[in-house]
Amino acid sequence: MGSKSATSGYRNRLLLVAAGLILFLIPYSSALREGECEVCVKVVDKFANSLADDVKKDTKRIEDEFRTFCKKSKDKEQRFCYYLGGMEDSATGILNELSKPVSWGMPSDKICEKLKKKDAQICDLRYDKQIDVNAVDLKKLKVRDLKKILSDWDEECDGCLEKTDFIKRIEELKHKHIKTEL
């Protein structure tokens, strides 16, 4: 009877160690968590969906198309392009880590997992929170935030010096950029 309890005790300790090891390694798994790599996933989706069928299997043409795609990108998406080597001034070039999986039809989240292994800062990119112009009191915002609203709308405020100038310009353009529901 003593050997049975010793064997079951050994088995229990072994199971406990295995469970502990699994729980320790879970945070280090390569699978993306919800919301992680948001810029990468969105850009890869947008880019892959923009490709013509005759281009989707040719890695060289995919890379050329990505460079063209990057010329039109802005802000975080442009930074993503820079990290991959899609910009003329990019310091590195890992475009083949994008083009090959795209040519295979791999899902964007899996492509981003692979890219994250090559360059972790790719998944550090996050989109800025959008300001709901209808729900916020513009007078309480900082000038930086007012400028961001105009920038998001691809608008400028020539001659704006004071905070009130920026608020006035946003109010003038609000009808053009904000959809009002009836």
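Keep in mind the model is a prediction, meaning the values are calculated, not measured.
A donor and an acceptor atom, one from each side chain of Glu77 and Tyr82, are nowhere located under 3.5 Å apart.
Counted within 6.0 Å of NZ on Lys114, heavy atoms from surrounding residues, nucleotides or ligands total 12 or fewer; the atom is thus considered open. For Lys118, the NZ atom is loosely surrounded, since the number of other residues' heavy atoms within 6.0 Å does not exceed 12. The number of heavy atoms from other shown groups lying within 6.0 Å of NZ (Lys147) does not exceed 12. Within a 6.0 Å sphere centred on NZ of Lys100, other residues, nucleotides and ligands contribute 12 heavy atoms or fewer. At most 12 heavy atoms of other shown residues, nucleotides or ligands fall within 6.0 angstrom of atom CD in Glu156.
By the 4.5 Å heavy-atom criterion applied to side chains, Cys81 and Phe66 are counted as neighbours. Side-chain contact between Glu65 and Leu51: present, with at least one pair of heavy atoms (C-beta onward) separated by less than 4.5 Å. Inter-residue side-chain proximity for Leu84 and Thr92 is flagged as unmet; no heavy-atom pair is nearer than 4.5 Å. At least one side-chain heavy atom of Ser99 sits less than 4.5 Å from a side-chain heavy atom of Asn96. In this structure, Tyr83 and Leu125 have side chains that are in contact, with non-hydrogen atoms separated by less than 4.5 Å.
Atom NZ of residue Lys168 and atom CG of residue Leu138 lie 14.5 Å apart, to the nearest 0.5 angstrom. Distance check: Asp124 CG to Lys76 NZ gives 10.5 Å after rounding to the nearest 0.5 Å. Annotation: the span from Ile111 atom CD1 to Glu97 atom CD amounts to 11.0 Å, rounded to 0.5 Å. In this structure, OG on Ser103 lies 9.5 Å from CD on Glu63, to the nearest 0.5 angstrom. Rounding to the nearest 0.5 angstrom, the gap separating the OG atom in Ser50 from the CZ atom in Phe69 is 6.0 Å. Rounding to the nearest 0.5 angstrom, the gap separating the CG atom in Leu146 from the CD1 atom in Ile170 is 4.5 Å.
Taking all atoms of both residues into account, the shortest heavy-atom contact from Glu36 to Val41 is O-CG2, 4.5 Å. Taking both residues in full, the closest heavy atoms of Arg61 and Asp54 are given as NH2-OD2, 3.3 Å, listed atom of the first, atom of the second, then distance.
Comment: Arg67 engages Asp64 in a salt bridge, judged by a side-chain N to carboxylate O separation of less than 4.0 angstrom. Salt-bridge annotation for Arg79 and Asp75: absent, with no side-chain N of the basic residue lying under 4.0 Å from a carboxylate O of the acidic one.
Exactly one of Asp145, Ile149, Leu141 qualifies for a side chain to side chain contact (heavy atoms under 4.5 Å, CB included) with Val136. That residue is Leu141. Applying salt bridge (Lys or Arg N to Asp or Glu O under 4.0 Å) to Glu113 and the options Lys116, Lys110, Lys117 leaves one that passes, Lys110.
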What do the steps show when you test Glu155 against Lys176 for side chain to side chain contact (heavy atoms under 4.5 Å, CB included), and what is the final call? CA-CA 11 Å; Glu155 297 286 353; Lys176 181 178 169 185; 3.0 Å; yes
Decide side chain to side chain contact (heavy atoms under 4.5 Å, CB included) for Val39 and Arg126; before the verdict, give the C-alpha distance in whole Å, the side-chain angles of both, and the deciding distance to 0.1 Å. CA-CA 6 Å; Val39 173; Arg126 302 262 185 271; 5.5 Å; no
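Taking the six-membered ring for Trp and thresholds of 30 and 60 degrees, His177 and Trp153 have nearly parallel ring planes, at less than 30 degrees apart.
A disulfide bridge does not connect Cys112 to Cys37: their SG atoms sit 2.5 Å or farther from one another.
Taking the ring centre of Phe166 as origin, the terminal cationic atom of Arg169 falls outside the region bounded by 6.0 Å and 45° from the ring axis.
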